[in-house]
Structures are given as C-alpha cells and as structure tokens.
Amino acid sequence: MSSSSPGSDVFLIASPAGFDFWHTVFSHGWCALPPFSHDPEARTLSRVFALPGGCTARCTLSGTATGVRVESDWSARPTAAARKALAAQIRTCLRMDEDFAEFHREARRHARYRWIARCGAGRMLRAPTVFEDAVKMICTTNCTWALTTLMVANLVEEAGTLHPGGGRAFPTPEAVAALTEKRLRRSVKAGYRSPFIRALARRIARGELEIESWRTSTLPTPELFDRMREVKGIGPYAAGNLLKLAGRYDELGLDSWVRAQYAALRRGGRRVKDATIERDYLPFGRWRGLFFWLEMTRSWHGDKFAL
C-alpha cells in the first residue's frame with residue numbers, strides 16, 4: 001500500500017483462483033444501487049465505505065491480472081486499522097474469501113454451463129453488511145427497478161454519512177431507526193415498506209436482532225431461511241436471494257422477472273408453475289440457485305460467454 005497524498009491511497013488486493021472482477025461486479029443489480037455505482041465502459045466499481053472511528057473512504061475499484069486495484073480518498077488520515085478494515089470490506093463485497101472451485105468443477109460437467117467457469121462467474125456482489133443487503137432486498141419487492149433505485153438513493157441521501165469529497169455511505173441501523181415512518185414514506189418513497197425498514201433498523205439498533213451472523217451461520221439452510229422470514233418485510237423471494245448473498249444457493253428466489261426469463265429461455269415463452277422451475281434445477285443440489293441465476297442472466301456476461 002502506497003500513499004500518493006495525505007488521505008489518499010492506492011493499493012492492490014490479490015485475487016483468488018477463479019476470480020473475475022467484472023463478472024462479480026456485474027452479477028446482479030447491486031452495482032447500480034447507491035452507495036455503489038459502476039462504469040461499464042471503464043469497468044470500475046465505486047462507493048463510499050464507512051470505517052471504524054467515524055471516517056469514510058470513497059473508493060474506485062478496478063480489476064487487474066492479479067487482483068483488484070483500489071483508489072481511495074479518505075475523510076481523514078487513515079490509520080492502519082482503518083486501512084485493514086477497508087480491505088476486509090472490499091473482500092467481503094467481492095466475495096474474495098469464498099471458494100468457488102467446487103461450483104466451477106460442477107459447471108464444467110455440463111455443456112450448457114461451461115461458460116461460467118471459463119469467465120470466472122459465480123460470485124455475487126454484496127454490501128459490506130447484511131443490514132444493507134436486507135434493506136435493499138426489501139426495496140426490491142413489488143415494484144419496478146426504477147423505484148428500487150429511487151428508494152435506495154433517497155435513503156442514502158437522507159441518512160448516510162457524507163464524505164467530504166462527495167457521496168455518502170449507506171446509513172447505519174441507528175441512522176435509519178432515527179427516521180420517522182412519515183419521513184420514510186414521504187422523502188424516501190418507501191411506501192408500505194417503510195414500517196418494515198424502520199422496525200428492522202430499530203430492532204438491530206436496540207440489540208434485539210442480530211442479522212450480521214447470517215453470513216457465518218451454521219444453521220441448516222432451511223432453518224436459516226425460516227430465520228430470515230421471521231423479519232417482517234422479508235418473504236420467500238427476499239429470503240431466497242439473501243441466502244445467495246450469505247453463500248447459500250439452495251433457493252431459487254423466484255420473482256416476476258426471473259419467471260419471465262425462464263419462460264423465454266427454457267419454455268419458448270410459455271409460463272409454467274414455480275414447482276416446474278424448481279424441479280428443473282433440483283439435480284444441481286446446493287448450487288441450484290446459483291446455476292438458475294446465472295442461466296437467467298447469461299446475456300449480461302457478454303457474447304463471448306453467452307452460449
């Protein structure tokens with residue numbers, strides 16, 4: 001790690017085998033939800049990270065042959081602990097400490113999925129915290145993607161910590177808990193989701209609910225799925241997709257968009273029952289949700305790997 005000016009850093013995080021930066025960034029819509037932003041032409045990912053001690057770091061990430069290049073601009077002179085925490089958050093977001101070798105071996109066994117291993121796909125971008133992922137997932141329910149983006153952007157603007165150079169970090173549970181339901185409805189435009197988001201934040205802020213452990217839980221997946229569903233606002237679709245961000249791929253996480261994609265890609269446009277979709281992917285065992293998602297989004301990964 002080298003310092004080019006006070007408060008600025010440029011450093012490299014070494015990547016594991018089978019990792020591809022851009023296929024991870026562009027794995028799903030999180031790359032477009034604040035505080036994340038992405039540049040498809042430059043193939044960069046940016047966001048403001050909140051670090052211990054109250055400082056923030058505005059970072060731009062890009063892929064290299066050996067890892068991820070990080071350009072960071074700090075709100076204050078960073079300590080060694082803050083730098084270490086930033087690197088850990090980036091590794092968490094890009095799933096760099098997870099082993100996908102078994103998944104890629106399984107992909108190579110099937111002609112339809114060999115492109116996955118060739119391009120290093122499989123890792124799904126996530127937030128530094130489960131709280132951020134959960135709030136964003138609630139904001140995807142029963143609405144257009146444009147409304148999801150608006151709600152998340154408004155929430156970050158309303159309650160996120162401002163970085164001196166511009167941009168905000170995702171708000172803490174305490175900051176969201178301090179917002180009234182009226183403000184969530186009027187300013188954030190969260191609608192019926194407002195009481196769910198506020199209740200989630202308040203329970204976490206009060207120490208009544210601990211969701212960060214979902215990523216490291218040893219519970220069997222069905223039990224963890226049920227635990228997630230106990231949170232108001234998190235139904236089967238949201239829980240199934242939060243499981244993917246926790247490294248569990250047993251659930252497909254069906255919504256209207258993937259149902260339509262499945263019909264177009266696998267059934268000539270004919271809609272089928274959810275049970276039929278589920279049955280198609282049962283042979284892939286614990287990886288079925290990931291195979292399903294990558295098949296539904298294979299065109300995102302470029303013509304070179306789409307077939």
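We use all heavy atoms of the structure for the numbers below, so side chains are in, but hydrogens, waters and symmetry mates are not. All residue numbers in this chain count up from 1 along the given sequence.
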Main-chain N/O of [Y] paired with [X] side-chain donor or acceptor, under 3.5 Å:
{"X": "R286", "Y": "D250", "value": "no"}
{"X": "R198", "Y": "L179", "value": "yes"}
{"X": "T129", "Y": "E132", "value": "yes"}
{"X": "E210", "Y": "E212", "value": "yes"}
{"X": "N154", "Y": "S187", "value": "yes"}
{"X": "T92", "Y": "A88", "value": "yes"}
{"X": "S75", "Y": "H163", "value": "no"}
{"X": "R248", "Y": "L243", "value": "no"}
{"X": "S72", "Y": "D9", "value": "yes"}
{"X": "R108", "Y": "R114", "value": "no"}

Kindly determine whether E71 and R69 satisfy salt bridge (Lys or Arg N to Asp or Glu O under 4.0 Å), including the steps that lead there.
CA-CA 7 Å; E71 299 179 41; R69 185 178 187 269; 2.5 Å; yes
Determine the minimum heavy-atom distance between [X] and [Y], stating which atoms define it.
{"X": "R185", "Y": "P195", "value": "NH2-CD, 3.9 Å"}
{"X": "F131", "Y": "V176", "value": "CZ-CG2, 4.0 Å"}
{"X": "I13", "Y": "A87", "value": "CD1-O, 4.0 Å"}
{"X": "C143", "Y": "R193", "value": "CB-NH2, 3.4 Å"}
{"X": "A263", "Y": "R271", "value": "CB-CD, 3.8 Å"}
{"X": "Q89", "Y": "L51", "value": "NE2-CD1, 3.7 Å"}

T276 versus Y262, side-chain donor and acceptor atoms under 3.5 Å:
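No, T276 and Y262 have no side-chain donor paired with an acceptor closer than 3.5 Å.
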Salt bridge check, [Y] against [X]: does any charged N sit closer than 4.0 Å to a carboxylate O?
{"X": "E208", "Y": "R202", "result": "no"}
{"X": "R288", "Y": "E251", "result": "no"}
{"X": "R123", "Y": "E98", "result": "no"}
{"X": "D280", "Y": "R267", "result": "yes"}

Return the orientation label for the W287 and F103 ring planes: parallel under 30°, perpendicular over 60°, tilted otherwise.
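Tilted.
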Taking the inter-plane angle between the rings of F284 and Y113 on a 0 to 90° scale, is it parallel (under 30°), tilted (30 to 60°) or perpendicular (over 60°)?
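Judged by the thresholds at 30° and 60°, the geometry between F284 and Y113 is perpendicular.
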For L294 and H301: C-alpha separation, side-chain torsions, deciding distance, then whether side-chain contact (heavy atoms from CB on, under 4.5 Å) applies.
CA-CA 9 Å; L294 286 167; H301 296 272; 3.8 Å; yes
Run the side-chain donor-acceptor check on residues 224-240: report pairs under 3.5 Å with partners two or more places apart or on a different chain.
unit_1: Y237; atom_1: OH; unit_2: T140; atom_2: OG1; d: 2.6

Test side-chain contact (heavy atoms from CB on, under 4.5 Å) on E278 and L252; report intermediate values, then the result.
CA-CA 7 Å; E278 296 276 0; L252 301 193; 3.6 Å; yes
Relative to F49, does R47 satisfy both conditions: NZ or CZ under 6.0 angstrom from the six-membered ring centre, and within 45 degrees of the ring's axis?
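Judged by the rule, R47 and F49 form a cation-pi pair.
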Using the side-chain hydrogen bond (donor to acceptor under 3.5 Å, both in side chains) criterion, which residues pair with E223? Sequence neighbours excluded.
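None.
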Looking at R186, I'd like to know if its CZ atom is crowded, meaning that more than 12 non-hydrogen atoms belonging to other residues, nucleotides or ligands lie closer than 6.0 Å.
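Not more than 12 within 6.0 Å, no.
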Run the side-chain donor-acceptor check on residues 25-40: report pairs under 3.5 Å with partners two or more places apart or on a different chain.
unit_1: S27; atom_1: OG; unit_2: T24; atom_2: O; d: 2.7
unit_1: S27; atom_1: OG; unit_2: L125; atom_2: N; d: 3.0
unit_1: H28; atom_1: NE2; unit_2: L125; atom_2: O; d: 2.5
unit_1: W30; atom_1: NE1; unit_2: D133; atom_2: OD1; d: 2.7
unit_1: H38; atom_1: ND1; unit_2: C31; atom_2: O; d: 3.2
unit_1: D39; atom_1: OD1; unit_2: E41; atom_2: N; d: 3.0
unit_1: D39; atom_1: OD1; unit_2: A42; atom_2: N; d: 3.1

